[in-house]
There are 4 protein chains.
Amino acid sequence: MIIVIKPNTPREQVEQVMEEVQKLGYDPRPIFGTELTVIAAIGDERTHHTLTSLNAMPQVEKVIPVQKRHKLVSRETHPGDTVVNVDGVKVGGNNPFSLMAGPCSVESEEQLLSTARAVKAAGATILRGGAFKPRTSPYEFQGLGSEGLRLLSLAKKETGLKIITEVLSERHVEEVASHADILQIGARNAQNFQLLIECAKSGKPILLKRGLSQKIDEWLLGAEYLLAHGNGNVMFCERGIRTFETYTRNTLDLAAVAVAKKESHLPVIVDPSQGCGRADLVRAMCLGAVAMGCDGLLIEVHPHPAEALSDGQQQVDFAGFAQLVKELQPILSAMGRVA
Amino acid sequence: MIIVIKPNTPREQVEQVMEEVQKLGYDPRPIFGTELTVIAAIGDERTHHTLTSLNAMPQVEKVIPVQKRHKLVSRETHPGDTVVNVDGVKVGGNNPFSLMAGPCSVESEEQLLSTARAVKAAGATILRGGAFKPRTSPYEFQGLGSEGLRLLSLAKKETGLKIITEVLSERHVEEVASHADILQIGARNAQNFQLLIECAKSGKPILLKRGLSQKIDEWLLGAEYLLAHGNGNVMFCERGIRTFETYTRNTLDLAAVAVAKKESHLPVIVDPSQGCGRADLVRAMCLGAVAMGCDGLLIEVHPHPAEALSDGQQQVDFAGFAQLVKELQPILSAMGRVA
Amino acid sequence: MIIVIKPNTPREQVEQVMEEVQKLGYDPRPIFGTELTVIAAIGDERTHHTLTSLNAMPQVEKVIPVQKRHKLVSRETHPGDTVVNVDGVKVGGNNPFSLMAGPCSVESEEQLLSTARAVKAAGATILRGGAFKPRTSPYEFQGLGSEGLRLLSLAKKETGLKIITEVLSERHVEEVASHADILQIGARNAQNFQLLIECAKSGKPILLKRGLSQKIDEWLLGAEYLLAHGNGNVMFCERGIRTFETYTRNTLDLAAVAVAKKESHLPVIVDPSQGCGRADLVRAMCLGAVAMGCDGLLIEVHPHPAEALSDGQQQVDFAGFAQLVKELQPILSAMGRVA
Amino acid sequence: MIIVIKPNTPREQVEQVMEEVQKLGYDPRPIFGTELTVIAAIGDERTHHTLTSLNAMPQVEKVIPVQKRHKLVSRETHPGDTVVNVDGVKVGGNNPFSLMAGPCSVESEEQLLSTARAVKAAGATILRGGAFKPRTSPYEFQGLGSEGLRLLSLAKKETGLKIITEVLSERHVEEVASHADILQIGARNAQNFQLLIECAKSGKPILLKRGLSQKIDEWLLGAEYLLAHGNGNVMFCERGIRTFETYTRNTLDLAAVAVAKKESHLPVIVDPSQGCGRADLVRAMCLGAVAMGCDGLLIEVHPHPAEALSDGQQQVDFAGFAQLVKELQPILSAMGRVA
């Protein structure tokens, strides 16, 4: 930590801060400059008191953390790429690029099975589909719940596709984990730490979406919760952040892909459907995401988007998905990836 | 709903959209203008299919919802002010202005009881204190948990102050509700709908904080979940939104107070401590919040902020709190409120 | 400056950074901690090279500036409040609260003169009115230009109100300055530094609006340009920042009022009309702004808002303005201000 | 325009709105729904009064524009791709991908000429370099001004590279245009409409950067100013928007590339250096930008970034640039582009 002292602070008040620093477990080293005095507080910021409370002292201008807060998710700790094993399908490292696709919501057996077959035929290996849906309004379709999970299991049985589905409640973790191969933690629950801990304990692979206004540093710390609770099978998922722009539903922050790959050893997936919220931009966003070096895509596909019970505007149809996968090939090759 | 059709769309493709509109439960009325064709879809947007899926049709330029999505929380439905009864202390309407104060985290019996006595002496009627703490990093102090709840009950017994504390997990709702008079739903859980529903079922008064990047419309819908699940004892709490500004921790959106009071009948509380994240701005933010017409304040107070285990930088000490309450009086009088 | 070195960097690479620091005019002081090495670079950050370029060195984790960049606008430099003399009307310090009011755009002689008389009768001392209008679309009304300036002069002559109007172009500064008592620099030009310099040279009082996404630190530096070019008659104007919220046109950042008053000696004005963009919220925002300690308000008033040629939605009519001024009185008294 | 009327408004007050609509030049068509009444106002929103002023009427809930505001920049008006001729180098359409590179600021003859030779050798055809620099603080290096322009001309003469440089002031347009092949309008001046108009009149190709918090719709309208003032040689440049994220300097909004290509016929360039503000992310952002379909890149290159007089942290050195261009080739090929 660096503590910046206000200009013209008498020496004894600087010493007061140093005493407080020592009391809170750090070794204080003052540096008296030409313009300012700063105190370097030596110690591990991850295990000691967070000194930001010293801002409450009137002679303190500001407290600046200098150390990264994440550890287990860091590349410094674990230089090689982590590969997540999804019931035999490997995600990350030099493994084939992962295509996860399927409807926003599971709506019916026919809808799900037809989609499963279509996305499998086009090259997907993992089927997405929401059984429990977090909806902004209580009057919107909330998902089929347990029945949705049953249909996902059926689709897996029929097609061999692995299953990813969102878990909304600590109480559902066990049930969802008995049907799904990947537990998805959604953007709205990105800092629902109790849910994170419960999912970690299940031992299942987890896809952690970035929160709507979550800084990358905080996203890494969300994953740190998972690893610190014993589950290293974690994938990040960039799905767009909330900004002032309204043309797109969210602003897909593709730099975050490069940052997450640089800072962490965990695989990074991109969700272009949520990211832009418009079917007509999904193709371009997929190309861009692949070129940024992501390890997989999570794409919403629906037999008839205009009649979808949720987020039809961002779902592509079967032909659109097949075409999209075809157009991805040259970029994947250019990036040295196998689809 | 209004559906805007792309320029130069042939009539039969407009009719295709109209058919889809009808299929999804609305009565379509086309308006052929000089520049554009739009279709007005007549029906209740709250109960019918959300037509935004029609954006997936290539001839559709955009779909514009026109109806408000909230209903039970709306002033149109319930013109008078709702008064929330917190174990005898009434919040909202023409009742005395509510001062809720106490430490960010419950740290020890001595810390909590001394704070309880100090804030009571200064005029507070409700004691805040976090027992379960949502922390960005797994390595930060996570709160005393059940022991914290026990201390809050003790403080209530000693001082008569009512208790507000945050609930982080569906599984804690019952336990927290047995100690607290108000269940606080924090910003990070503002769209954790399962937690909202569980809190609603407890029957306890609920303070619903605005999410970090939650639009006012979505915040109202969060409360709508609570009312739709049978609990009308709801207070909004504006606590700052996340923006690009870094001088303050969050940007306290005081317009949201006026908007929530206008759109809804529920009381509105302001949390200036989280809102600006700096003890030296809390006083000014309190004055501003009162003048905006809020029904109460939630203020963090600590015996020795520099040593607080969480968020010391935004906590005021006992003298600071007493002085602050004193300075609020003229503004409260000017607003016709009793403290 | 603090330069944070990456973990496990060999000593000679740390020394490389120290050499570079010295070359760029600072005295480097290394601190070898338990977790990290940091280098404190001693020197005046305002006059030396900005060391952030050292981020380009692979062994550097990050460079952290510790010194404030503004100087002449700082309260540290000039502890007392600056009072700006607007052709005899004093703004700031203990002077009466300043009410600046008038139409968004000057539209006609009748419109302007009737508004001038109405706002004067209600208590305003300064008349606002846009002659040159910055409009997002080239097809929108661009203002009356020179004719608008002539009408403003006429209104001054008739009513004695001082004049504030926006200047959009370096080439208009002289002409505008010959009619206006305050030059307004709008949000879109907040970092048009050439315009700032030209306005500074005119010697006229200047009202500097905050840019749409300008950090407070950058806003202070905008004013620093004005003072550094010899003009100390500067007022800040908070007018809302751009965020994700869409209910209001902008998010009025009232904390910025308290911050600007704390960091700087210059007066602070608030523009609630631009700030919320809705006539129905203007009254509440004015009350809040006064309680935050601002020195004046800039309010849009129009004889018939529904027919205004620009921004009618945020303009209040004559009766609304008179009522508003009346409702401000108790808050002004509570704040110890005279209207 | 669609005007939404508040629930339970008596018919005569609806008619009042209709009268106002007619008065302002539109043909009002009321639609009485089951939940709401709306009025469709038929007419060209680009040429008639902007009806948003009707929000000032108490019976109006909201006014919703339905028509796009841009026209000349629209693909609807001009379906083919515009190709901008930069003194013989063609940008856009099926022309070779454009590499624009060079230092953030022109610092000296040696610095500029060595950079010009290096970027040319690596494949760039256009040389960038700031002569007039917009700096947040008045104490930062403001560029060499006219001497910088002279050096750019010299570099052109020596290498044959075309020149792009920023213009900050209406008064500099003529001088800059006599040295530069492209006038760059920077993010801070994106809505400095007087500067836009002056640049348009020069007849020179213009690169229009997106403002820090400019919506795509507003960016298109900025270009509309240029076309409406007779200059069709316009390129868009996405350079990142301001968000809450602090890991990167800005958030490069790559979706905006796809949107601009879809909505407009003008070429789109991406500036990854400003976009992420970190040399270590530039390579990845370039790959992503190319895959999104942009027509060129604007990259900052410096002989010794750590000592650059401005923005060293985001500049790559000669070897880095050469390597980057090499790595772009497979992606360019995959996109069917020639470098």
Side-chain angles (χ1 to χ4, degrees), chain B residues 1-9 21 25-48 58 60-71 74-77 79 211-213 217 240-251 262-263, chain D residues 1-9 21 25-48 58 60-71 74-77 79 211-213 217 240-251 262-263:
Chain B
M1 294 278 180
I2 301 293
I3 298 126
V4 183
I5 303 296
K6 285 195 181 141
N8 311 317
T9 297
V21 166
Y26 292 80
D27 174 19
R29 308 260 185 93
I31 301 139
F32 298 96
T34 52
E35 303 293 320
L36 283 175
T37 295
V38 304
I39 300 169
I42 310 289
D44 189 345
E45 299 175 18
R46 283 187 291 233
T47 52
H48 289 57
V60 170
E61 179 65 40
K62 57 182 166 184
V63 178
I64 306 170
V66 293
Q67 203 180 342
K68 285 176 190 174
R69 294 190 287 172
H70 55 280
K71 189 168 176 175
S74 170
R75 266 214 196 270
E76 285 160 18
T77 310
L212 272 78
S213 62
D217 168 53
I241 56 173
R242 183 160 274 188
T243 70
F244 61 83
E245 181 56 60
T246 52
Y247 193 102
T248 46
R249 182 174 182 171
N250 293 296
T251 296
K262 173 175 164 259
E263 292 288 342
Chain D
M1 292 277 181
I2 301 292
I3 298 127
V4 183
I5 303 296
K6 286 195 180 143
N8 309 318
T9 297
V21 166
Y26 292 80
D27 174 18
R29 308 260 186 91
I31 301 139
F32 298 96
T34 52
E35 303 293 320
L36 283 175
T37 295
V38 303
I39 299 169
I42 310 289
D44 189 344
E45 298 176 16
R46 283 187 290 234
T47 52
H48 289 58
V60 170
E61 180 64 40
K62 57 183 164 182
V63 179
I64 306 171
V66 293
Q67 202 180 342
K68 284 178 190 170
R69 294 190 287 172
H70 54 281
K71 190 168 178 176
S74 170
R75 264 212 198 271
E76 286 160 17
T77 310
L212 272 79
S213 63
D217 167 53
I241 55 174
R242 183 160 272 188
T243 70
F244 60 82
E245 181 57 60
T246 52
Y247 192 100
T248 45
R249 180 174 184 172
N250 293 295
T251 295
K262 174 174 163 260
E263 292 286 344

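Chain naming here is simple, since letters A, B, ... match the order of the sequence lines and numbering starts at 1 in each.
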- Item | Region of D:E61 in contact with chain B, defined by heavy-atom distances below 4.5 Å | side chain

- Ranking D:R46, D:E76, D:R29 by heavy-atom pairs under 4.5 Å to chain B gives rank one to D:E76

- Message: Tell me whether the count of non-hydrogen atoms from other residues, nucleotides or ligands lying under 6.0 Å of NZ in D:K71 goes above 12.
- Response: no

- Message: I need the D:L36 CG to B:M1 CE distance, nearest 0.5 Å.
- Response: 11.0 Å

- Comparing B:P7, B:S213, B:A40 against chain D, the one with the most heavy-atom pairs below 4.5 Å turns out to be B:P7

- Contacting region of B:V4 [heavy-atom separation from chain D under 4.5 Å]: side chain

- Message: Looking at every heavy atom in both B:G33 and D:I42, which two are closest together, and how far apart are they?
- Response: CA-CG2, 3.6 Å

- Task: Measure the CD1-CD1 distance between D:I64 and B:I64 for me, rounded to the nearest 0.5 Å.
- Result: 5.5 Å

- Message: Using 0.5 Å steps for rounding, measure from the NE2 atom of D:H48 to the OG1 atom of B:T34.
- Response: 7.0 Å

- Message: At a 4.5 Å cut-off on heavy atoms, which part of D:K6 comes close to chain B: side chain, backbone, both, or neither?
- Response: neither

